[in-house]
*Asks:* 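After the structure tokens below, expect a handful of questions from me.
Keep in mind that the numbers below use all heavy atoms, side chains included, and drop hydrogens, waters and symmetry copies.
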Amino acid sequence: LGKLGDTSDPVVQGLIACLQDEHWNVRGSAVEALGKLGDTSPPVIQGLLARLQDENKDVRWTATSALGKLGDSSPAVIQGLVACLQDEHWNVRKAAAWALGKLGDSSPAVIQGLEACLQDKNEDVRRAATEALTNLGHPPD
């Protein structure tokens, strides 16, 4: 559905409903499709934000990436992504750093969160944080 680009209400509502599915792969596929549609309506953003807390790391990673692709830099999205910088899985932290760099918010919470990631144990997270800080006009020393 995401590749088809159909943003009609029945499609979007169906995908939002799938965000609650008991199977992680269904939730993840719905998140991915919503990210591709480009719909930044409140129900879509709220549904994706809820998946940042998903029990499955792949769903969290996909939701983090989708929010970065959608370009919504509302306070709730920024707050959710900053929280993901501390996720237990490196791929979620990396995606959060990438998304924050893409969204362009250089608030103190974002800069502090990304600067903390410069000390991450994972090289990919450190690299993503460095790129994000540079994109935001705060390149590390």
Side-chain angles (χ1 to χ4, degrees), residues 1-140:
L1 290 173
K3 289 181 182 180
L4 294 175
D6 184 350
T7 58
S8 65
D9 194 53
V11 170
V12 172
Q13 291 306 314
L15 289 170
I16 290 172
C18 288
L19 294 175
Q20 303 300 320
D21 196 272
E22 65 182 275
H23 300 286
W24 72 267
N25 55 343
V26 173
R27 295 189 309 273
S29 294
V31 165
E32 184 176 3
L34 287 167
K36 289 180 180 178
L37 289 179
D39 185 337
T40 58
S41 65
V44 170
I45 298 299
Q46 290 168 1
L48 293 174
L49 284 171
R51 295 293 50 119
L52 295 179
Q53 304 295 321
D54 199 275
E55 63 190 34
N56 183 278
K57 66 179 173 54
D58 293 325
V59 174
R60 294 193 309 274
W61 170 77
T62 305
T64 303
S65 298
L67 286 165
K69 289 175 188 172
L70 288 175
D72 182 322
S73 60
S74 64
V77 170
I78 298 301
Q79 182 179 11
L81 292 172
V82 168
C84 286
L85 293 173
Q86 298 178 18
D87 194 273
E88 63 184 305
H89 292 283
W90 71 270
N91 60 345
V92 177
R93 297 191 306 273
K94 177 185 172 187
W98 169 83
L100 288 165
K102 187 170 177 1
L103 293 178
D105 184 310
S106 59
S107 64
V110 171
I111 300 304
Q112 290 170 359
L114 289 169
E115 286 176 342
C117 286
L118 296 174
Q119 306 303 315
D120 197 277
K121 60 186 174 187
N122 183 280
E123 181 180 343
D124 290 335
V125 175
R126 294 191 306 269
R127 189 176 308 120
T130 298
E131 289 175 16
L133 286 164
T134 301
N135 289 345
L136 297 174
H138 294 271

*Asks:* Show the nearest heavy-atom pair for residues I111 and S106, with the distance to one decimal.
*Replies:*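 Taking I111 first and S106 second, the nearest heavy atoms are CG1-O, 3.7 Å.
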
*Asks:* Checking D105 now: which residues fulfil salt bridge (charged side-chain N to carboxylate O under 4.0 Å, His left out) with it, not counting sequence neighbours?
*Replies:*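 Partners of D105 under the salt bridge (charged side-chain N to carboxylate O under 4.0 Å, His left out) test: none.
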
*Asks:* Using side-chain heavy atoms (C-beta onward) and a distance below 4.5 Å, is V77 in contact with L70?
*Replies:*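 They are not in side-chain contact.
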
*Asks:* Can you confirm whether E115 is buried at CD, in the sense that more than 12 heavy atoms of other residues, nucleotides or ligands lie under 6.0 Å from that atom?
*Replies:*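 Yes, because the 6.0 Å sphere around CD of E115 holds more than 12 heavy atoms from other groups.
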
*Asks:* Kindly state each residue pair satisfying salt bridge (Lys or Arg N to Asp or Glu O under 4.0 Å) with at least one member in residues 85-100, sequence neighbours excluded.
*Replies:*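 For residues 85-100: R60-D87, R93-D120.
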
*Asks:* As an exercise, state the distance from OG of S74 to CD of Q79, rounded to the nearest 0.5 Å.
*Replies:*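 So the OG of S74 and the CD of Q79 are separated by 10.0 Å.
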
*Asks:* Would you compute the distance between atom CH2 of W98 and atom CG of N135 and round it to the nearest 0.5 angstrom?
*Replies:*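 It comes to 11.0 Å.
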
*Asks:* Give me the atom names and distance for the closest heavy-atom approach of A96 to C84.
*Replies:*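 Taking A96 first and C84 second, the nearest heavy atoms are CB-CB, 3.7 Å.
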
*Asks:* Work out which heavy atom in A132 is nearest to a heavy atom in G101; give both atom names and the distance.
*Replies:*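 Between these two residues, the closest heavy atoms are CB-CA, 3.6 Å.
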
*Asks:* How about N25 and N56: do any of their side-chain heavy atoms sit closer than 4.5 Å?
*Replies:*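 SC-SC contact between N25 and N56 ruled out.
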
*Asks:* Restricting to non-hydrogen atoms, name the atom on G68 and the atom on A99 that form the minimum distance, rounded to 0.1 Å.
*Replies:*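 That closest heavy-atom pairing would be CA-CB, 3.6 Å.
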
*Asks:* For K36, is there an ion pair with E32 - N to carboxylate O distance below 4.0 angstrom?
*Replies:*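 The answer is yes: the pair qualifies as a salt bridge.
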
*Asks:* S29 versus L15: any side-chain heavy-atom pair under 4.5 Å?
*Replies:*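 When only atoms from C-beta onward are counted, L15 and S29 do not touch, as no gap falls below 4.5 Å.
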
*Asks:* Can you find a pair of side-chain heavy atoms, one from L34 and one from D39, that are under 4.5 Å apart?
*Replies:*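 They are not in contact (no side-chain heavy atoms under 4.5 Å apart), so the answer is no.
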
*Asks:* Pick one: which of P139, C117, P140 meets side-chain contact (heavy atoms from CB on, under 4.5 Å) with T130?
*Replies:*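 Running side-chain contact (heavy atoms from CB on, under 4.5 Å) over P139, C117, P140 with T130 returns exactly one hit, P140.
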
*Asks:* Got a donor-acceptor contact below 3.5 angstrom from the R51 side chain to the L19 backbone?
*Replies:*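 Present.
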
*Asks:* Check L81 against L52 and note the closest heavy-atom contact, atom names and distance.
*Replies:*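 So the two residues come closest at N-CD1, 4.3 Å.
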
*Asks:* State the CG-CZ distance between D58 and R27, to the nearest 0.5 angstrom.
*Replies:*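 It comes to 10.5 Å.
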
*Asks:* Do you know which two heavy atoms are closest between V59 and W24, and how far apart they sit?
*Replies:*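 Taking every non-hydrogen atom into account, CG2-O, 3.3 Å.
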
*Asks:* Does the R126 side chain pair with the main chain of K121, one donor and one acceptor, at a distance under 3.5 Å?
*Replies:*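 Indeed, once roles are kept as given, a pair shorter than 3.5 Å links the two residues.
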
*Asks:* Do the side chains of T62 and D54 get nearer than 4.5 Å, heavy atoms only?
*Replies:*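 Answer no - side chains too far apart.
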
